[in-house]
Amino acid sequence: MEQVDFLVVGAGIAGLSAAARLARHGTTQVVEAETAPGVHSSGRSAAFAHFDMDAWLVRALTAASMPLLAEPGATPHPALFIALEGQEAALDRLEANYRDWEPRVERLTPAEARAFTPVLREGDGAISGALLDRHARKLDAHAMLEAHRKELLARGGKLANGVPVEGLARAGERWTADTPGASYSARVVVNAAGAWADPVAALGGIAPLGITPLRRTVITFDTEHAVRDWPFTKTVGPGFYLEPEGNGRLLASPMEEGPSAPCDAQPEEEDVALAAWNVEQATTLTIRQLASKWAGLRSFAPDRLPVAGFDRQAPGFFWLAGQGGFGLQTSPAMALAVEAAATGGPWPEELRAVGVTRAMLAVERLRTPPA
């Protein structure tokens, strides 16, 4: 049985970024059920960093992460947030929230917005206003995962793919984890299993946190437009987002949230149709044929906020879960939080500077019965 200080379950962006930092403090082993890192949520994300998130905590974590997102994993690319008819109040709220973190954001008229995304419809279905962030970031999930993998290995850590955890038990002051190829004795288990976070905890007899996977669908299609420089374009309420994929291809999502069991998510035809319909209603684009389609799971805690902390009901068991659809863009800040919380180190200045505390991420908020 291999002895390690930290056993990280899950090699998505949350697990790998945290493991790379934990490897500075002790022997670190990552185990991933799939045959490669980032197969599920991380590898199926739209992969864009911006501040259009409902929760203040997520915006704060994004603000702490932005200076740490570097090329080739992150490149500057504008983001355009558009209001469809009836979404004007949502655009006002977004602008107020956005200016707290990115004061350079610009309010645009519909005509000004069409200068950036020229297919936005005029007349019936026209947008009523927009917000432009010229300093958003397009993220490359593969490049980010690979950078963390290399850092982990350079610091003496290890990564094993295709080895799901099949057994988990407390043995004295340590945890024993069994996989098909090896068993590990770990001082700390970090549960970064994404949609499988609750089932992994159940293996060790630990009560679930209520981490809920929600399915989201993505389609890609070709267009005659040169789209490489178009902004990431997103409605501020129900609708869609569009993102350039090369010079003649667009990616789109209807931004649905379909309840799902933890699984290898597949797109449902009604969600694929909804993506195309929503885009065609607000733009002059016609989607005749898809280049590809897929679905991924975005996992949320009951309060829709991320979790990073030890479970007081299970000593040595650390939750890193509930990153929703913002795992990539908040991963630098979350990795700093995990490093501090899991090692007992000082709280990072990057998080102090934006007002994020340990308690905001702690498990206890989800274990405390409502008053």
Side-chain angles (χ1 to χ4, degrees), residues 40-50 52-53 75 77-85 87 90-91 94 110 113-122 124-128 130-133 136-142 214-258 260 265-298 324-329:
H40 294 290
S41 299
S42 298
R44 305 181 192 187
S45 167
F48 212 91
H50 54 77
D52 183 16
M53 299 293 172
T75 55
H77 195 93
L80 182 71
F81 306 97
I82 59 175
L84 304 179
E85 184 179 354
Q87 295 179 343
L91 186 64
L94 176 60
R114 281 191 286 273
F116 291 91
T117 306
V119 294
L120 294 174
R121 191 176 294 280
E122 300 181 67
D124 292 341
I127 66 170
S128 58
L131 201 65
L132 177 68
D133 177 5
R137 306 283 182 86
K138 184 175 177 63
L139 305 180
D140 183 328
H142 175 76
L214 299 175
R215 186 184 61 256
R216 176 155 290 184
T217 303
V218 172
I219 63 172
T220 66
F221 56 95
D222 294 327
T223 172
E224 69 275 12
H225 300 278
V227 302
R228 186 184 305 276
D229 296 327
W230 286 11
F232 172 83
T233 301
K234 180 179 183 291
T235 57
V236 295
F240 63 93
Y241 62 71
L242 280 176
E243 182 179 345
E245 291 283 294
N247 201 43
R249 180 167 292 182
L250 288 166
L251 173 154
S253 172
M255 302 191 297
E256 91 284 12
E257 294 187 342
S260 173
Q266 299 298 315
E268 298 193 358
E269 287 308 312
E270 57 265 36
D271 295 326
V272 170
L274 179 64
W277 170 262
N278 286 356
V279 169
E280 291 182 338
Q281 290 302 107
T283 73
T284 58
L285 293 167
T286 300
I287 303 173
R288 295 186 175 87
Q289 184 174 354
L290 299 184
S292 63
K293 58 184 178 180
W294 67 86
L297 298 181
R298 303 156 76 245
F326 44 81
L328 285 168
Q329 71 178 55

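Model, not experiment: these values are computed from the prediction.
Side-chain N or O atoms of R249 include none that pairs as donor or acceptor with a backbone N or O of A291 at under 3.5 Å. Under a 3.5 Å cut-off, the side chain of H77 and the backbone N or O of L139 do not form any donor-acceptor pair. Listed for the T220 side chain is a donor-acceptor partner under 3.5 Å among the backbone atoms of S292. Side-chain atoms of R137 do not come within 3.5 Å of backbone N or O of T75 as any donor-acceptor pair. Checking side-chain atoms of Q87 against main-chain N and O of L84 turns up a donor-acceptor pair under 3.5 Å. At least one donor-acceptor pair under 3.5 Å links the side chain of S41 to the backbone N or O of L297. A distance-only check finds no donor-acceptor pair linking the side chain of T217 to the backbone of A295 [under 3.5 Å]. Without hydrogens or angle criteria, R216 side chain to G296 main chain gives no donor-acceptor distance under 3.5 Å. A donor-acceptor contact shorter than 3.5 Å links the side chain of T235 to the backbone of G237.
Using cut-offs of 30° and 60° for the angle between ring planes, the F48 and F232 rings count as parallel.
The two residues S42 and A141 make their nearest non-hydrogen contact at O-CB, 3.3 Å. Taking every heavy atom of both residues into account, A83 and V236 meet most closely at CA-CG2, 4.0 Å. Looking at every heavy atom in both residues, V227 comes nearest to P244 through O-CB, 3.2 Å. Pairing each heavy atom of A113 with each of L80, the nearest pair is O-CD2, 3.9 Å. Nearest heavy-atom pair, L91 versus F81, reported as atom, atom and distance to 0.1 Å: CD1-O, 3.9 Å. Contact between F116 and P231 at its shortest, heavy atoms only, is O-CD, 3.3 Å.
Residue-environment remark: CD (E257) exceeds the threshold of 12 foreign heavy atoms within 6.0 Å.
Between L250 and H225, the closest side-chain pair of non-hydrogen atoms is not below 4.5 Å. Side-chain contact between L131 and D52: absent, with no pair of heavy atoms (C-beta onward) separated by less than 4.5 Å.
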Throw together a table of side-chain donor-acceptor distances under 3.5 angstrom for residues 268-281, partners on residues two or more places apart or in other chains.
| from | atom 1 | to | atom 2 | distance (Å) |
| --- | --- | --- | --- | --- |
| E269 | OE2 | K293 | NZ | 2.8 |
| D271 | OD2 | R215 | NH2 | 3.2 |
| N278 | ND2 | G239 | O | 2.7 |
| E280 | OE2 | I287 | N | 2.7 |

- Full working for side-chain contact (heavy atoms from CB on, under 4.5 Å) between F221 and T286: CA-CA 10 Å; F221 56 95; T286 300; over 6 Å; no
